[in-house]
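Below you'll find the structure, written out as structure tokens, and then a few comments.
Since we're looking at a predicted model, the values are computed, not measured.
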Amino acid sequence: MIDEIASVQNVFLLLGSNLGDRLQILKSAETLIEERIGKIQSASSIYETAPWGVLDQPAFLNQILIVTTGLVPEEVLRIVLEIEHELGRVRYQRWGARVIDIDMLYYQDLILDSARLTLPHPRLHERRFTLVPLNEIASDFVHPILQKTTSQLLTECSDPGAVVIISANNTNSDF
């Protein structure tokens with residue numbers, strides 16, 4: 001089953017922060033991800049985004065990373081939660097303000113629905129703050145359930161939330 005996933009896979013991670021030194025927190029998370037999960041193959045620009053779900057909170061900084069890993073999805077999740085805790089994440093309120101949030105969007109094209117993890121992320125296609133940076137580096141990636149590219153999902157997304165580039169990454173390329 002999942003433990004038998006062979007070799008190296010690409011995991012797509014969404015990083016977000018709206019408390020503290022948001023840019024430094026994203027950089028720290030990126031460093032820990034590369035140390036513990038795998039090599040970062042591509043990184044989107046950093047975007048300032050409107051909050052989603054709970055609107056009365058500061059704006060977020062968001063970034064997408066595509067990371068090559070030999071770890072199984074549950075191990076990636078365990079490490080992501082460990083990194084969030086290390087960087088000061090405390091879970092008070094769903095979709096509330098937070099120092100760091102790291103969501104696993106895709107694990108290659110795996111479809112998984114377990115008690116701890118659902119892949120692809122069940123709401124990624126509803127969120128501009130996810131789709132805009134994802135489209136920057138993986139516009140042609142096909143959602144394994146919806147069978148649409150990131151570009152198509154972004155075009156169809158009705159989320160009105162603002163997504164503004166604040167730090168361009170000139171070294172990324174379409175995955």
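Minimum interatomic distance between Val99 and Leu87 (heavy atoms only, all atoms of both residues): CG1-O, 3.3 Å. The two atoms that bring Met104 and Val11 nearest to each other are CG-CG2, 3.5 Å, heavy atoms only. The two atoms that bring Ala43 and Gln63 nearest to each other are CB-NE2, 3.8 Å, heavy atoms only. Residues Glu30 and Ile40 come closest through the heavy atom pair CG-CD1, 3.3 Å. Of all heavy-atom pairs between Val163 and Tyr47, the closest is CG1-CD2, 3.6 Å. Nearest heavy atoms, Ile83 versus Ala29: CG2-CA, 4.4 Å.
Classification of the Tyr106-Phe12 ring pair by plane angle, with boundaries at 30° and 60°, yields perpendicular. Below 30°, between 30° and 60°, or above 60°: for His143 and His125 the angle between ring planes is above 60°, a perpendicular geometry.
Of the options Leu14, Leu124, Leu77, a side-chain contact (heavy atoms from CB on, under 4.5 Å) to Asp103 is made by Leu14 and by none of the others.
The backbone N or O of Gly161 lies less than 3.5 Å from a partner atom in the side chain of Arg128, making a donor-acceptor pair. With hydrogens and angles ignored, the 3.5 Å screen pairs a side-chain donor or acceptor of Asn18 with a backbone N or O of Pro58. Side-chain atoms of Arg22 do not come within 3.5 Å of backbone N or O of Gly16 as any donor-acceptor pair. Here the side chain of Asn62 pairs a donor or acceptor atom with the backbone of Leu15 at under 3.5 angstrom.
No side-chain donor-acceptor contact under 3.5 Å links Thr149 and Asp140. Asn135 and Thr150 form no side-chain donor-acceptor contact under 3.5 Å, judged by distance and modelled atom types alone. Side-chain atoms of Gln9 and Thr69 include no donor-acceptor pair closer than 3.5 Å. Side chain to side chain, Ser44 and Glu136 fail the donor-acceptor criterion of an N or O pair below 3.5 Å.
Remark: Arg78 does not engage Glu74 in a salt bridge, criterion side-chain N to carboxylate O under 4.0 Å. Between Glu75 and Arg36 no salt bridge is recorded (no basic side-chain N to carboxylate O distance below 4.0 Å).
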Evaluate the criterion side-chain contact (heavy atoms from CB on, under 4.5 Å) for residue pair Ile137 and Ile64; output intermediate values, then yes/no.
CA-CA 8 Å; Ile137 61 173; Ile64 299 280; 3.7 Å; yes
Could you go through the side-chain contact (heavy atoms from CB on, under 4.5 Å) check for Val67 and Asn10 one step at a time?
CA-CA 5 Å; Val67 181; Asn10 287 309; over 6 Å; no
Can Ile46 and Leu23 be said to form a side-chain contact (heavy atoms from CB on, under 4.5 Å), step by step?
CA-CA 9 Å; Ile46 296 174; Leu23 191 55; 3.3 Å; yes
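Here Phe141 contributes atom CZ and Leu105 contributes atom CG; the two are 10.0 Å apart, rounded to the nearest 0.5 Å. Between the CG atom of Leu65 and the CD atom of Glu34 there is a distance of 9.0 Å, given to the nearest 0.5 Å. Here OH of Tyr107 is found 10.5 Å from CG of Leu117. Values are rounded to the nearest 0.5 Å. Here the CD1 atom belonging to Ile166 is positioned 6.0 Å from the CD atom belonging to Glu48, to the nearest 0.5 angstrom. The NZ atom of Lys27 sits 12.5 Å away from the OG atom of Ser17 when rounded to the nearest 0.5 Å. Annotation: the span from Leu26 atom CG to Thr31 atom OG1 amounts to 11.0 Å, rounded to 0.5 Å.
The shortest side-chain heavy-atom distance between Leu19 and Ile100 does not fall under the 4.5 Å cut-off. When side chains are defined from C-beta on, Ile79 does not count as touching Leu81, because their heavy atoms never get closer than 4.5 Å. At least one side-chain heavy atom of Val76 sits under 4.5 Å from a side-chain heavy atom of Val80. In this structure the side chain of Pro73 reaches within 4.5 angstrom of the side chain of Leu119, judged on heavy atoms. Contact annotation: the side chain of Pro133 never approaches that of Ser45 to less than 4.5 Å [non-hydrogen atoms, C-beta and beyond].
In the hydrophobic clustering of ILVMFWY residues, with side-chain heavy atoms under 4.5 Å counting as a link, Ile66 and Val142 come out apart.
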